[in-house]
Amino acid sequence: MLRSFHRAAQFSPAYQTLLAESSVQASQVRTPADFAQLCPLLEKTNTFRRFPIEQLIVANTKLADLASILTSSGHGQGGYALGISTRNQYNSTPFLIDLGLDLAFNVDSRRTLLINCLPMGVTFQSKALCVANVSVREDMACAIVKQTGHLFEQIILCGDPLFLKRLCDYSEELRLDWARYKMNVIIGEETFTESFRDYLAASLAINLSDANSGLIGSSMGVGELGLNLFNETRESIAIRRACVKNKTLLQDLMGDISSQAPLPTLLCFNPLRTYVEVVNRDASGNGDLVVSVLDTAAPVPLMRYKTGDRAKLIDADHLAQVLQKSILGLTAPALPLIALLGRSKDMLPGNWHVDHFKQVLYNNPNVARECSGAFRLSQREDGLLWEVQLRLDCPADPMLLADALSADLVLLGKEGAAKVHCLSYEKFPYGKTLDYERKFVYCSA
């Protein structure tokens, strides 16, 4: 981390300016404690929005060596940020991807097809598996599965929750028999709930209780930092699912979090690749997630970069004690762990969170099947309004579906929490023709 910092301080004109404005001299930063105490926090607004790209790129990078550019989603404040790679980094990408995929899915020993359904511009490189980059085309993805799926020992679907729901619903219309294949799923772009994991598992014939069945796990990236900075493992998923049923386990793990808070996502990270901090912490250790990428070849070094997420660092010794106390037979992941509490902007008044409504939406699969997955939360004079988009050509009565969702809010302990309106696909006014190319906005600013 110190090498990465001093490289940025020596060669990045933009970072030199930011350090000078904070009255920090590079020679003062000799320990990790110095780094955390003295160095400024970065985010889109004081980097990509403020400086031209020439000042963000380190001075000793040859422009002819730049090989790829990836934008952030543009979903947060500050507009777009850029992830830039050199040719050497670009050439090493397949190894890093394959290493992670082998740890999760044993791709080195199983013929694997990965169908990448992430939006256009996000592609996979691999030397260990077969990749189909179809973007957000459910018809292409299903055609590839039907025509070539039997050639492989396992299939990995990669996409965001809204599109994966559309893919599963479309495959049901085609009567695609997912049980013929060993299916796995990598979910990115946004957080999801265990009710959604259950919904996907039922659609794709995955037995979440069987270690030999497929894995449905999330991957968290930041376009300007890296596409896979944090990820779930079978161990972290098992702990999270146990927390759904065992509130004592959740309390022991997370401390005095509000009983109204959403269930955190437990994600591992590689400490040799990223230096992770949580700042502005409350009494329970929850705060703003800050990441420094330790690659000393990065063209745009970002030190202490706020991702816009709320999180908590999970102490390894504390985790081991909690799991031993629980006597549930759970195993701690091998890598360090954070509890991700979601985006700061997804927090709502009254200890509400967007994830509460995602949970309710998928609690009843029969109701979820009639919805597109998209919804909008907005604060009105008489309280919170939850507007839910139904799927195209939905035959169900919108009022009956709204009543069912209201009843599930009560079961969640959110009686009277929100007024529910279910709207037809065409009458839903917020992105009513979903293109799945950009992150969906679930709540009004």
| Hey, what do you get for CG (L176) to OH (Y181), rounding to the nearest 0.5 Å? | 6.0 Å
| query | Is the shortest side-chain N to carboxylate O distance from R380 to E387 below 4.0 Å? | reply | yes
| query | What closest approach, in Å, do F196 and K165 show between heavy atoms, and which atom pair accounts for it? | reply | CE1-CB, 4.4 Å
| request: Tell me, yes or no, whether the heavy-atom count around I327 atom CD1, taken from other residues, nucleotides or ligands under 6.0 Å, exceeds 12. | output: no
| query | Side chains of W178 and S171: donor-acceptor distance under 3.5 Å anywhere? | reply | yes
| said: What I'd like to find out is whether the side chain of V185 reaches to under 4.5 Å of the side chain of C158, using heavy atoms alone. | reply: no
| query | Would one find more than 12 heavy atoms of other residues, nucleotides or ligands at under 6.0 Å from atom CZ of R281? | reply | no
| field | S236 side chain to T233 backbone, donor-acceptor under 3.5 Å | value | yes
| query | Heavy atoms, side chains only, cut-off 4.5 Å: are T47 and V300 in contact? | reply | no
| A396 and L401: which non-hydrogen atoms are nearest, and at how many Å? | CB-CD1, 3.8 Å
| task | Can you see which heavy atom on L323 is nearest to which on A332, and at what distance? | result | CD1-N, 3.5 Å
| request: Begin from the C-alpha positions of I97 and L101 and carry the test side-chain contact (heavy atoms from CB on, under 4.5 Å) through to its verdict. | output: CA-CA 6 Å; I97 290 175; L101 290 174; 3.6 Å; yes
| message | Name the residue from Q359, R240, K245 that meets the side chain to side chain donor-acceptor pair (under 3.5 Å) definition with E194. | response | R240
| Within-4.5 Å side-chain heavy-atom neighbours: V134 and I115 | yes
| remark: Taken to the nearest 0.5 Å, the spacing of L204 CG from Y199 OH works out to 10.0 Å
| message | Donor-acceptor pair, distance only, cut-off 3.5 Å: does the side chain of N46 make one with the backbone of E43? | response | yes
| message | Looking at Y90, I'd like to know if its OH atom is crowded, meaning that more than 12 non-hydrogen atoms belonging to other residues, nucleotides or ligands lie closer than 6.0 Å. | response | no
| D198/R241 ion pair, N-O < 4.0 Å | yes
| task | Using atom types as modelled and distance alone, determine if a side-chain donor or acceptor of R197 lies under 3.5 Å from a backbone N or O of I216. | result | yes
| field | Donor-acceptor contact below 3.5 Å, side chain K358 vs main chain T191 | value | yes
| field | Side-chain donor or acceptor of D160 paired with backbone N/O of G188 under 3.5 Å | value | no
| query | Does a side-chain heavy-atom distance below 4.5 Å link S135 with L118? | reply | no
| said: Salt bridge or not between R391 and E370? Use side-chain N to carboxylate O under 4.0 Å. | reply: yes
| message | Run the side-chain contact (heavy atoms from CB on, under 4.5 Å) test on K182 and R110 for me, step by step, so that the C-alpha distance in whole Å, both residues' side-chain angles and the decisive distance to 0.1 Å come before the verdict. | response | CA-CA 11 Å; K182 180 172 183 179; R110 294 177 182 160; 3.1 Å; yes
| task | Compare all side-chain heavy atoms of L249 with those of V322 and state whether any distance is below 4.5 angstrom. | result | yes
| Atom CZ in F5, atom OG1 in T296: separation rounded to 0.5 Å? | 15.0 Å
| field | Main-chain N/O of N286 paired with S284 side-chain donor or acceptor, under 3.5 Å | value | no
| message | Using a strict threshold of under 4.0 Å (side-chain N to carboxylate O), is an ion pair present between R369 and E173? | response | no
| message | Contact between R376 and V441 at the side-chain level, heavy atoms closer than 4.5 Å - yes or no? | response | yes
| query | Can you tell me how far CD1 of I237 sits from CG of L208, rounded to the nearest 0.5 angstrom? | reply | 8.0 Å
| said: Assess the residue pair S378 and L384 against the criterion (side-chain contact (heavy atoms from CB on, under 4.5 Å)); give the C-alpha distance rounded to whole Å, side-chain angles, the decisive distance to 0.1 Å, and a yes or no. | reply: CA-CA 6 Å; S378 53; L384 198 61; 6.0 Å; no
| said: Run I239 and T331 through side-chain contact (heavy atoms from CB on, under 4.5 Å) and show every step you take. | reply: CA-CA 8 Å; I239 296 170; T331 304; over 6 Å; no
| Residues D98, K127; criterion salt bridge (Lys or Arg N to Asp or Glu O under 4.0 Å); working and verdict | CA-CA 7 Å; D98 291 341; K127 295 183 179 179; over 6 Å; no
| Residues E224, Y305; criterion side chain to side chain donor-acceptor pair (under 3.5 Å); working and verdict | CA-CA 10 Å; E224 55 270 42; Y305 193 80; 2.6 Å; yes
| message | Between L319 and L337, is there a side-chain heavy-atom distance shorter than 4.5 Å? | response | yes
| field | Side-chain H-bond candidate by donor/acceptor type, D355 with T193, under 3.5 Å | value | no
| said: For R310 and D288: C-alpha separation, side-chain torsions, deciding distance, then whether salt bridge (Lys or Arg N to Asp or Glu O under 4.0 Å) applies. | reply: CA-CA 5 Å; R310 298 282 294 172; D288 297 319; 3.4 Å; yes
| With no hydrogens and no angle check, is any side-chain donor or acceptor of S292 less than 3.5 Å from a backbone partner on R304? | yes
| Shortest non-hydrogen separation from P299 to I84 and the atoms involved | CD-O, 3.3 Å
| request: Using modelled atom types only, decide if a donor and an acceptor are shared between the side chain of K306 and the backbone of L41 within a distance under 3.5 Å. | output: no
| message | Taking the ring of F48 and the ring of Y80, is the distance between their centroids below 6.0 Å? | response | no
| Between R111 and F152, is NZ or CZ placed under 6.0 angstrom from the six-membered ring centre and within 45° of the ring axis? | no
| task | Can you see which heavy atom on L114 is nearest to which on F124, and at what distance? | result | CD2-CD1, 3.8 Å
| Would you say the side chain of F269 lies within less than 4.5 Å of the side chain of L267, judging by non-hydrogen atoms? | no
| Shortest non-hydrogen contact between D317 and D315, atoms and distance | N-OD2, 3.2 Å
| query | Are Y442 and E190 linked by a side-chain donor-acceptor pair shorter than 3.5 Å? | reply | yes
| message | Over 60° means perpendicular and under 30° means parallel, so tell me whether Y275 and F35 are parallel, tilted or perpendicular. | response | perpendicular
| request: Would you kindly say whether D403 and S406 are connected by a side-chain donor-acceptor distance under 3.5 Å? | output: no
| note | Distance col, row E232:CD vs S219:OG, nearest 0.5 angstrom, shows 9.5 Å
| How many angstroms lie between atom CZ of F230 and atom OG1 of T274, to the nearest 0.5 angstrom? | 5.5 Å
| said: Please check this pair: side chain of D282 against backbone of G285, looking for a donor-acceptor N/O pair closer than 3.5 Å. | reply: yes
| message | Can a donor-acceptor pair be found, under 3.5 Å and without considering hydrogens, that links the side chain of H318 to the backbone of D252? | response | yes
| note | Only residue of L167, L157, I187, I206 satisfying side-chain contact (heavy atoms from CB on, under 4.5 Å) with L200 is I187
| request: Indicate whether any N or O donor in one side chain lies under 3.5 Å from an N or O acceptor in the other, for D309 and T307. | output: yes
| query | Should we count CD of Q324 as having more than 12 external heavy atoms under 6.0 Å? | reply | no
